[in-house]
Amino acid sequence: LDVNTDKISFAEDEQSKLPCYTFQCARYTVSVTKQGGYIKSILYSGNVNEAYITEDNATSLAKEYLKSIGYDNMEATYRVTANNICTICFAYCENNVYYYSDLIKCAISLEDGSIAGLDATTYLTNHTDRSNFSTKLSQKQCTALVSKYLTINSVKKCVIPKPSGTEVQCYEFACTSKETGEDALIYINVQNGREEEIKLMLYTDNGTLVK
């Protein structure tokens with residue numbers, strides 16, 4: 001928080017799945033993991049009354065902030081703005097492969113660009129060294145498996161989590177329906193060509209979400 005330690009007070013010893021020490025500083029509550037000393041969460045209880053910076057600027061500031069506290073190689077995926085606070089969801093990215101198990105949410109005040117919240121729980125409980133992204137099917141072969149009723153706008157390599165706790169290597173196709181105009185993300189397994197998941201893009205006045 002860029003403050004002297006005499007401004008910080010110990011709040012509690014958090015005995016959770018991810019044990020932390022929790023501290024308070026003015027309107028901020030910060031949890032630091034006992035193992036590794038990583039920032040797990042930052043909660044801000046104040047109000048943000050005005051918006052002077054853009055969401056793009058907020059996204060850049062959030063990425064810089066994450067890097068400054070030890071979370072490097074994070075790329076923004078989507079964002080939502082409410083009450084003059086922009087919350088950006090980041091995924092870990094290495095060698096142009098997005099790892100959707102390793103997510104961090106970072107909130108930035110649009111008033112002054114300061115940190116307004118952070119949740120790295122998902123990243124800290126999932127991030128690990130992984131084997132290289134290897135495919136049995138080429139991007140071209142996977143592209144041919146996407147529905148003919150969809151227009152493909154972009155492609156990413158990614159690794160997605162499954163309810164079973166496993167991870168699957170996929171190509172993520174950002175598509176638009178030729179019939180309805182709706183946007184969706186299609187995940188094709190690079191090993192067997194199976195359609196692993198479909199997510200709809202939801203556009204609101206506050207930002208973009210996936211469902």
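Across all non-hydrogen atoms, the minimal contact from Cys158 to Val97 is CA-CG1, 4.0 Å. Of all non-hydrogen atoms in Leu150 and Cys175, the two that sit nearest each other are CB-CB, 3.9 Å. Residues Val155 and Tyr171 share a closest heavy-atom pair of CG1-CD2, 3.8 Å. Closest non-hydrogen pair, Gly36 versus Thr33, comes out as C-OG1, 4.1 Å.
When hydrophobic clusters are built by joining Ile, Leu, Val, Met, Phe, Trp and Tyr residues whose side-chain heavy atoms come closer than 4.5 Å, directly or via intermediates, Met201 is grouped together with Val80. Taking hydrophobic clusters as Ile, Leu, Val, Met, Phe, Trp and Tyr residues chained together by side-chain heavy-atom distances below 4.5 Å, Ile152 does not share a cluster with Tyr98. In this structure, Tyr71 is a member of the same hydrophobic cluster as Leu18, with clusters built from ILVMFWY side-chain heavy atoms closer than 4.5 Å. In the hydrophobic clustering of this structure, Leu110 does not group with Tyr52; members are Ile, Leu, Val, Met, Phe, Trp, Tyr whose side-chain heavy atoms approach within less than 4.5 Å, directly or through other members. Linking Ile, Leu, Val, Met, Phe, Trp and Tyr whenever their side-chain heavy atoms come within less than 4.5 Å leaves Leu103 and Ile69 in two separate clusters.
Thr77 contributes atom OG1, which lies 11.5 Å from atom CD1 of Ile104 (distance to the nearest 0.5 angstrom). With rounding to the nearest 0.5 Å, the separation of OG1 in Thr87 from OH in Tyr78 is 10.0 Å. Annotation: the span from Ile42 atom CD1 to Lys105 atom NZ amounts to 15.5 Å, rounded to 0.5 Å. Taken from SG in Cys170 to CD1 in Ile160, the straight-line distance is 4.0 Å, to the nearest 0.5 Å. The distance from atom CG of Asn49 to atom OG of Ser109, rounded to the nearest 0.5 Å, is 9.0 Å. Here the SG atom belonging to Cys142 is positioned 14.0 Å from the OH atom belonging to Tyr187, to the nearest 0.5 angstrom.
Looking only at side-chain heavy atoms (C-beta outward), Asn47 and Asn83 stay at 4.5 Å or farther from each other. Using a 4.5 Å heavy-atom threshold, the side chains of Ile39 and Val32 count as touching. Residues Glu94 and Arg130 are not in side-chain contact: their nearest non-hydrogen atoms beyond the backbone lie 4.5 Å or more apart. Between Ile8 and Val3, the closest side-chain pair of non-hydrogen atoms falls below 4.5 Å. For the pair Leu66 and Phe90, the minimum side-chain heavy-atom distance is below 4.5 Å. Considering only heavy atoms from C-beta on, Asp13 comes within 4.5 Å of Tyr21 through its side chain.
Using a distance-only test at 3.5 Å, with no hydrogens or angles considered, no donor-acceptor pair links the side chain of Ser31 to the main chain of Ser41. Counting only distance, with no hydrogens or angles, the side chain of Asn206 and the backbone of Ala82 share no donor-acceptor pair below 3.5 Å. Side-chain atoms of Asn126 come within 3.5 Å of backbone atoms of Ser101 as a donor-acceptor pair (strictly under, hydrogens ignored).
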Practice task
Give the intermediate values and the outcome of side chain to side chain contact (heavy atoms under 4.5 Å, CB included) for residues Arg79 and Asp56.
Solution key: CA-CA 10 Å; Arg79 64 195 181 198; Asp56 286 344; 2.8 Å; yes

Practice task
Could you give me the CA-CA distance, side-chain angles and deciding distance for Lys34 and Lys40, then say whether side chain to side chain contact (heavy atoms under 4.5 Å, CB included) is met?
Solution key: CA-CA 10 Å; Lys34 293 181 180 180; Lys40 186 190 83 168; over 6 Å; no

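Residue Gln35 qualifies as open at atom CD: its count of foreign heavy atoms under 6.0 Å is 12 or below. The environment of CG in Asp129 is sparse: at most 12 heavy-atom neighbours from other residues, nucleotides or ligands sit within 6.0 Å. With a 6.0 Å radius and a threshold of 12 heavy atoms from other residues, nucleotides or ligands, Tyr38 has its OH atom at or below the threshold. Atom CG of Asn73 sits in a crowded spot, with more than 12 heavy atoms from other residues, nucleotides or ligands closer than 6.0 Å.
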Enumerate donor-acceptor pairs with a distance under 3.5 Å from any side-chain N or O in residues 188-200 to protein atoms, sequence neighbours excluded.
residue	atom	partner	partner atom	Å
Asn189	OD1	Gln191	N	2.7
Asn189	OD1	Asn192	N	3.4
Asn189	ND2	Glu196	OE2	2.8
Gln191	NE2	Ser134	O	2.6
Gln191	NE2	Gln169	OE1	3.4
Asn192	OD1	Arg194	N	2.9
Arg194	NE	Glu196	OE2	3.1
Arg194	NH2	Glu196	OE2	3.1
Glu196	OE1	Lys162	NZ	3.0

Identify each donor-acceptor pair in which a side-chain atom of residues 114-124 lies under 3.5 Å from a protein atom, sequence neighbours left out, and give them as a table.
residue	atom	partner	partner atom	Å
Ser114	OG	Asp112	OD1	2.7
Asp119	OD1	Thr121	N	3.0
Asp119	OD1	Thr121	OG1	2.8
Tyr123	OH	His127	NE2	3.4

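Checking Tyr203 against Asp183 by side-chain atom types alone, a donor-acceptor pair falls below 3.5 Å. For the 3.5 Å distance criterion, the side chains of Glu14 and Ser16 qualify, holding a donor opposite an acceptor.
Between Tyr44 and Tyr28, the ring-plane angle classifies as tilted under the 30° and 60° cut-offs. Using a 30° and 60° split on the angle between ring planes, Tyr99 and Tyr92 fall in the tilted class, from 30° to 60°.
Taking the charged nitrogens against the carboxylate oxygens, Asp2 and Lys7 have no contact shorter than 4.0 Å, which rules out a salt bridge.
Within the structure, every pair that satisfies the side-chain hydrogen bond (donor to acceptor under 3.5 Å, both in side chains) test and touches residues 142-158, not counting sequence neighbours, is listed here: Asn153-Thr176.
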